[in-house]
Q: 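Handing you a structure now.
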Amino acid sequence: MSFEREKIYITTPIYYVNDRPHIGHAYTTIIADSAARYFRLRGFDTFFLTGTDEHGQKIEEAARKRGKSPKEYADEISAQFKALWDEFGITYDKFIRTTDPDHIRGVQRAFEIMYEKGDIYKGVYEGHYCISCEAFFPQNQLIDKEFCPDCGKPTSIVKEESYFFRLSAYEKPLLRLYEEREDFILPRSKRNEVVRFVESGLQDLSITRTSFDWGIKLPPSINDPKHVIYVWLDALLNYITALGFGGDGRLMDYWPANYHLVGKDILRFHAVYWPAFLMSLELPLPRHIATHGWWTRNGEKMSKSKGNVVDPREVARAYGLDNFRYFLLREVPFGQDGDFSQRALIDRINSDLGNDLGNLLNRIIGMSGKYFDHRIESHKVPHYYGQELQELQQILAPLDDHIRQMRWHKFLDELWQALTLANRSIDRYAPWKLVKEGREEEAMALIALVANILARVALYLAPVMPEKAGQIAKALGITIDPATFQRLIDEGELLEPFTIQPIPPLFPKIDKPLLQEKGKEATEPSQDETIDIDHFLKTQIKVGTIVEAHEIPKSKRLLRLLVDLGEERPRQIVAGIKEHYEPQELVGEQVCVVANLKPAKLMGIVSEGMILAAQDGQRLSLVAPKEMVANGTRVR
Ligand code: MSP
């Protein structure tokens, strides 16, 4: 596969501003960033777009719950996304917000074009709507006639005047598209599910709403002020309004996009609705919709109420951003779901990065210093190690295609074969022996071979691990840029005589998890998330009487309590209440205790529960039943 032109356009989904950034958002963004960095390094004129999706009922409701206007709320969360990407060094060229005036103008213009063409007509929508997915569903697609087939939440019944897009008219052209362009959807295995969806028949799509206000109004030429444009039509158009569609069109020569990176949950919107809208606008279609899977936690979906959401900032700060990036791309085959665990991350860091890569670099830094005062020349490599150079060529040859097909895991896996080749060559030819036998030239050529392999690995790795690759490059005296890529990789040149610079170890070993496990801590569902009764009932709160209370030596905050919960023996509970209560005043008092918490050690003392207290600023007050009740009574 080759791109006949020099321009590359890559996008992430624009993120809803009802949620703080989490690992799923970071995943899409980091893949897109790695792709953008790769194409830049190959000399392509690359444009990389990300941003936030700010309209719609979901955002309006989330803002209302927090007592904010939708715009105020959107400003706040959009800034959080931008700040995270900036902290992560994401190389986006534009950060679009759907509240940007240019975007609004572009969406109205698109609506107008589709309307004038006859692809939009007015009618009445009657059916179900899932606010969480911002999606319409006919009843026969619902679970138990009520619940959203995508997210499982209850849907609401909507009956309102609406404009419709003639999606049904695009059924055949869409099927032709999937037929003709087998890699339109990546990975290819995802294509069938889209084809099946379209084959089962497309209904016209409701594309305006009247029951709320937070959205883009119809264009003035249509003059129907009750309506706002459906958030998915608004959102998808960001990919062209960002280039100036409906305005100055300044960047439209980046269109069509090469890659729309999306999660599997939003594939349908991108592989069905979006090409249909574009056909209606008579614009070329994107080359690839690249679809990744979902990250789970211990096999479960992440959600705020479960408190198991992985915060990408925390992970990157604890383990290093580049290590995190590597893990995300390497751990899970693109398109499949993956489970996040610190254990798996630590294994990747210690094994792939530390052993295979970091130690290799250290080995040649050490040997080049010991035997050759760090000065190395490559010109004898083909003579002594021609076979290895050939093998290296074979390893590197398919890498470009893996990236272009978004097979990141495979790309990294195969790149690692180059490291295996290097490590194996050292073990096999043992430079220390060669030197002992007076075969210095061969020993130097071997170190040069390994340095040449590492230089190529650094170049290929740079899009994924820009900082670490930069450090490896520095140690080898090269720079990571398109000219070097071309020289070493495309033209197969060997490194000029060079000095290997000692650098500190790149991947210090990690012995144990660096972050406290989420989901085991107390986490509060955010205000816009409700929990069901079963969820609440999982927490066993019981009344008990404090029978003993003791200070804990050296602790300013903690007391050790024995609480009778009507069980065989009183429970030992460590509570952070020393600044508020004297031990003796507590004895005989009833308190409420979370009785089914996993025991935890505090200052070396096992705590078998948690006492409930209300905290009002500096003040703290223990929670108790109004009248005495039997110990062990459950609070519901
Ligand atoms: N606003 C829409 C996209 C509009 S694009 C024109 C949206 N936003 S989102 O914030 O809900 O999701 C954005 C992306 O994050 C999606 O691609 C989604 O798949 C991804 N992820 C959200 N949770 C995820 C995981 N747990 N794991 C991996 N990615 C997931 O949808």
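We count ligands from 1, going down the list as the structure has it; atoms in each ligand are counted the same way. Just so it is clear, the values below take in all heavy atoms, side chains as well, and ignore hydrogens, waters and symmetry mates.
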Q: Does W274 come within less than 4.0 angstrom of ligand 1, counting non-hydrogen atoms of the residue?
A: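 False for this residue.
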Q: Among all protein heavy atoms, pick out the one at the shortest distance from atom 26 (N) of ligand 1; state its residue, atom name and that distance to 0.1 Å.
A: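 Atom 26 (N) of ligand 1 sits closest to the protein heavy atom W295 O, 3.1 Å.
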Q: Which residue supplies the protein heavy atom nearest to atom 19 (O) of ligand 1, what is that atom called, and how far is it?
A: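 The closest heavy atom on the protein side is D265 OD1, 2.4 Å.
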Q: Considering only heavy atoms of G24, which atoms of ligand 1 have at least one such atom less than 4.0 Å away?
A: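 Those of ligand 1 that fall under 4.0 Å from G24 are 24 (C), 25 (C), 27 (N), 28 (C), 29 (N), 30 (C).
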Q: Number the atoms of ligand 1 from 1 as they appear, then name those within less than 4.0 Å of a heavy atom of G293, with their elements.
A: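 Under 4.0 Å from G293, ligand 1 has these atoms: 28 (C).
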Q: Using the six-membered ring of Y16, assess whether NZ or CZ of K58 lies under 6.0 Å from its centre and within 45 degrees of the ring axis.
A: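 Verdict for Y16: a cation-pi partner in K58.
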Q: Using a 4.0 Å cut-off to any heavy atom of H22, which atoms of ligand 1 qualify?
A: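 Once the distances to H22 are compared, the set is 22 (C), 23 (N), 24 (C).
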Q: In terms of heavy-atom contacts, does CZ of R20 have more than 12 from other residues, nucleotides or ligands at under 6.0 Å?
A: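 No.
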Q: We want to know whether H409 and Q336 form a side-chain donor-acceptor pair, criterion being a heavy-atom distance below 3.5 angstrom.
A: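 Result is no, nothing qualifies.
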Q: Looking at D53, which atoms of ligand 1 are within less than 4.0 Å of one of its heavy atoms?
A: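 Ligand 1 atoms under the 4.0 Å threshold to D53: 1 (N), 2 (C), 4 (C).
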Q: Validate the cation-pi geometry between R209 and Y129: distance from NZ or CZ to the six-membered ring centre under 6.0 Å, angle to the ring axis within 45°.
A: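 Satisfied, under 6.0 Å and within 45°.
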Q: Are the side chains of Y15 and T29 in contact, using a 4.5 Å heavy-atom criterion?
A: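 Of all side-chain heavy-atom pairs linking Y15 with T29, at least one is under 4.5 Å.
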Q: Identify, by atom number and element, the atoms of ligand 1 in contact range of H292, meaning under 4.0 Å from any of its heavy atoms.
A: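 Heavy-atom distances to H292 below 4.0 Å select 28 (C), 29 (N).
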Q: I need the nearest protein heavy-atom contact for atom 11 (O) of ligand 1: residue, atom name and distance, please.
A: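 I find the closest protein heavy atom is Y16 CD1, 3.2 Å.
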Q: Do side-chain atoms of E126 reach the backbone of V158 as a donor and acceptor pair under 3.5 angstrom?
A: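 Flag not set: sc E126 to bb V158 has no pair under 3.5 Å.
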Q: Distance from Q80 atom CD to T52 atom OG1, nearest 0.5 Å?
A: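 These two atoms lie 11.0 Å from each other.
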Q: Among all protein heavy atoms, pick out the one at the shortest distance from atom 16 (C) of ligand 1; state its residue, atom name and that distance to 0.1 Å.
A: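 For this ligand atom, the closest protein heavy atom is I266 CD1, 3.8 Å.
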Q: If you have a sec, work out which protein heavy atom is nearest atom 6 (C) of ligand 1 and how many Å separate them, to one decimal?
A: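 Looking at atom 6 (C) of ligand 1, the protein heavy atom closest to it is Y239 OH, 3.5 Å.
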Q: Just which atoms of ligand 1 are under 4.0 Å from any heavy atom in G263?
A: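 In order of number, 17 (O), 19 (O).
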Q: Mind checking whether F269 contacts ligand 1 via backbone (N, CA, C, O), side chain (CB onward), both or neither, at a 4.0 Å heavy-atom cut-off?
A: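 For F269, no heavy atom sits under 4.0 Å from ligand 1.
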Q: Taking atom types as modelled and ignoring hydrogens, do the side chains of H270 and Y239 form a donor-acceptor contact shorter than 3.5 angstrom?
A: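 Looking only at side-chain atoms, Y239 and H270 do form a donor-acceptor pair, the distance falling under 3.5 Å.
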Q: Just which atoms of ligand 1 are under 4.0 Å from any heavy atom in A235?
A: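 By the 4.0 Å cutoff, the relevant atoms are 6 (C).
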Q: What are the atoms of ligand 1, with element, lying closer than 4.0 Å to any heavy atom of Y15?
A: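 Listed by number with element: 10 (O), 13 (C), 14 (C).
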Q: What protein heavy atom lies closest to atom 15 (O) of ligand 1? Include the residue and the distance to one decimal.
A: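 Nearest protein contact, heavy atoms only, for atom 15 (O) of ligand 1 is H25 CD2, 3.6 Å.
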Q: Tell me which protein heavy atom sits closest to atom 25 (C) of ligand 1, plus the residue, atom name and distance to 0.1 Å.
A: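 Residue, atom and distance for the closest contact: W294 CE3, 3.5 Å.
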Q: How many angstroms lie between atom CZ of R97 and atom CG of N238, to the nearest 0.5 angstrom?
A: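 That separation rounds to 13.0 Å.
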Q: Hey, is the main chain of L515 close enough, under 3.5 Å, to the side chain of Q342 for a donor-acceptor pair?
A: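 A pair under 3.5 Å: yes.
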Q: To the closest 0.5 Å, what do you measure between CG (L281) and CZ (R109)?
A: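 Separation between the atoms: 9.5 Å.
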Q: In terms of residue, atom name and distance, what is the protein heavy atom nearest to atom 3 (C) of ligand 1?
A: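 Nearest neighbour among protein heavy atoms for atom 3 (C) of ligand 1, to 0.1 Å: I14 O, 3.2 Å.
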